[in-house]
Amino acid sequence: MSIPESNPKKEKWLDSIDLLLIAIRHKVFLMSITAAAAVVSIAVALYLPNSYSAKVVLLPPQENQSSATALLGGMASSIGLLTSTGLKNPNDIYIAMLKSNTLKDRIVKRFNLMEHYHADSDRYARKELSELTSVASEKDGLVSIEVLDIDPKMSALLAEAYVEELDHLTEVFSLGEAAQRRSFYERELLKAKNSLELAEVGLKKLQQATGVVSIDIQSKTIIEAVAAIKAQVTAKELQLGAMGAFATERNPDYLFVQRELAGLREQLAKYEQDHPIEQGELVIPAGRLPEVGMRYAEKMREVKYREVVYELLIKQFELAKLDEGRNATLIQVLDHAEVPEKKTKPKRLMIVLFSIFSAFSLAFLLLLIRDATIRWKKNPEHLLKIQRLKDAYQEN
């Protein structure tokens, strides 16, 4: 009974027995490569210095609403800041600042890390610090800072330094915003003071020249009412100017102040509509006051207006000075960095096992390629094709 020939197309190139035969035939080669990899990996693992990690955990950003912010309708609130910067998660602000070059450069200079890392420049020391630092937002909303170093004490110091420099950086930006407000209102306050002094001098000269020292109560009431409304309009305009330094036009608080300003302007226009206006200035009807009295009313109105503006600016200026001495953002530490007692890296056993496995796999792969090449060359069909190629080449 004849045995049916097997179809070579249906045969597997290599089965498990073939693989085992290859391993047995070249066991010396495989064992040599694996042993050499083991020796080298052990030497490397023992040579690598121990690295220790220290970790700091921060609570999410806590915003303190400053007194000026409360008065101005929260114009520097965290919501407005996030809207303008495009950061939806408050933790992103912390993480962005912690990863900033400005903060890292301060740490590099503070601990002389260029010498500690044996770096050629501060730039490479900063790069080394970045690679050894992990800053992340945890699933529970906390912010973690983890620093690796060969010195356990240094790792804890660097982790705590990140918190200290973050606190400094937030204070700088907070003070910068308050300083801008303070400087803005200081300039406007000086202008308002000069304008008030000029208005008072003008009123005094008119009194000395004409002898008019007062007007009737009703006229005085009209003057004071218009002056108060105009002063509020001016104060809102200045408020928008101050908000423009750190808030966008789409900021909800900015839009709210704009609506308030529009309402005050409508109120002023309606009030002036009920009284004659001559050359842009409110005057008392001629039938009620003599010409000198009208001039006195205009001067008095200017004084009252300047007085109200000056008083409003004094309040704004004092609040801006108060905010300049406060830190708007609280850095709250949940877990401080502790000096690690156990090393984090290197994981020597994992290094050795991975090296042995990789070396064995690579050596066995090379044997498979070698075996496949031999099989290919011994295949009659392949030999025939190669001979045909040689014949065709010689004919040409």
Side-chain angles (χ1 to χ4, degrees), residues 8-56 95 98-99 104 113-114 116-121 123-139 144-156 158-159 337-379 381-383 386:
K9 293 184 178 180
K10 295 182 179 179
E11 291 181 351
K12 295 183 178 178
W13 177 61
L14 287 175
D15 56 18
S16 57
I17 296 179
D18 292 326
L19 296 177
L20 183 59
L21 289 174
I22 292 174
I24 292 174
R25 283 200 306 266
H26 302 283
K27 60 181 181 295
V28 176
F29 174 75
L30 289 173
M31 292 176 63
S32 300
I33 295 295
T34 305
V39 172
V40 173
S41 62
I42 291 173
V44 171
L46 293 175
Y47 176 77
L48 292 175
N50 292 337
S51 296
Y52 302 86
S53 66
K55 186 176 182 179
V56 175
I95 294 174
L98 287 167
K99 291 183 177 180
K104 292 175 184 176
L113 293 184
M114 192 174 81
H116 181 69
Y117 292 144
H118 305 288
D120 297 333
S121 63
R123 179 181 177 182
Y124 286 104
R126 182 182 68 200
K127 183 179 179 182
E128 184 74 14
L129 177 64
S130 301
E131 293 175 352
L132 297 174
T133 302
S134 174
V135 180
S137 178
E138 306 291 346
K139 293 181 179 180
S144 65
I145 309 166
E146 189 171 1
V147 183
L148 273 173
D149 198 89
I150 57 175
D151 184 356
K153 293 183 179 179
M154 179 61 78
S155 65
L158 291 175
E338 296 181 353
V339 178
E341 298 179 356
K342 296 182 179 180
K343 67 178 179 65
T344 304
K345 293 181 179 180
K347 300 185 183 298
R348 293 184 171 87
L349 180 59
M350 294 300 297
I351 292 174
V352 174
L353 293 177
F354 179 77
S355 300
I356 291 174
F357 176 78
S358 300
F360 179 84
S361 301
L362 180 60
F364 197 75
L365 178 62
L366 292 174
L367 291 175
L368 291 178
I369 295 173
R370 178 176 176 273
D371 184 83
T373 304
I374 294 173
R375 285 171 179 265
W376 187 84
K377 289 181 178 180
K378 290 183 178 180
N379 191 312
E381 293 182 3
H382 294 161
L383 291 175
I386 292 174

Using atom types as modelled and distance alone, determine if a side-chain donor or acceptor of [X] lies under 3.5 Å from a backbone N or O of [Y].
X	Y	answer
Arg348	Ala45	yes
Ser155	Pro152	yes
Ser355	Ser41	no
Thr133	Ser130	no

Please tell me if the side chains of Leu158 and Leu113 come closer than 4.5 Å, counting only heavy atoms from C-beta onward.
->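 They are in side-chain contact.
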
Evaluate the side-chain proximity of Thr34 to Phe364: yes if any heavy-atom separation is below 4.5 Å, no if none is.
->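 No, their side chains stay 4.5 Å or more apart.
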
Supply the atom-to-atom distance [X] [atom1] to [Y] [atom2], rounded to the nearest 0.5 angstrom.
X	Y	atom1	atom2	result
Leu365	Ile369	CG	CD1	4.0 Å
Arg25	Leu20	CZ	CG	10.0 Å
Leu366	Ile33	CG	CD1	8.5 Å
Ile145	Lys99	CD1	NZ	11.5 Å
Ile356	Ser361	CD1	OG	11.5 Å
Leu132	Glu146	CG	CD	11.0 Å

Only one of Lys153, Glu341, Lys343, Lys345 forms a side chain to side chain contact (heavy atoms under 4.5 Å, CB included) with Tyr52, so which one is it?
->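 Filter result, single survivor: Lys343.
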
Would you please name every residue forming a salt bridge (Lys or Arg N to Asp or Glu O under 4.0 Å) with Arg123, sequence neighbours left out?
->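 Residues passing salt bridge (Lys or Arg N to Asp or Glu O under 4.0 Å) with Arg123: none at all.
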
Could you walk me through whether Leu30 and Leu367 pass the side-chain contact (heavy atoms from CB on, under 4.5 Å) test, one step at a time?
-> CA-CA 9 Å; Leu30 289 173; Leu367 291 175; 3.7 Å; yes

Give a yes-or-no answer on whether the side chains of Asp149 and His116 include a donor-acceptor pair shorter than 3.5 Å.
->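 Yes - a donor-acceptor pair under 3.5 Å links their side chains.
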
Does atom [atom1] of [X] have more than 12 heavy-atom neighbours from other groups under 6.0 Å away?
X	atom1	answer
Glu131	CD	yes
Tyr124	OH	no
Arg370	CZ	no
Glu338	CD	no

Which atom names give the shortest non-hydrogen contact between Ala54 and Ala337, and what distance separates them?
->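 Looking at all heavy atoms of both residues, the shortest contact is CB-CB, 4.2 Å.
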
What's the shortest heavy-atom distance between Lys55 and Ser144, and which atoms?
->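 It is CE-CB, 3.6 Å.
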
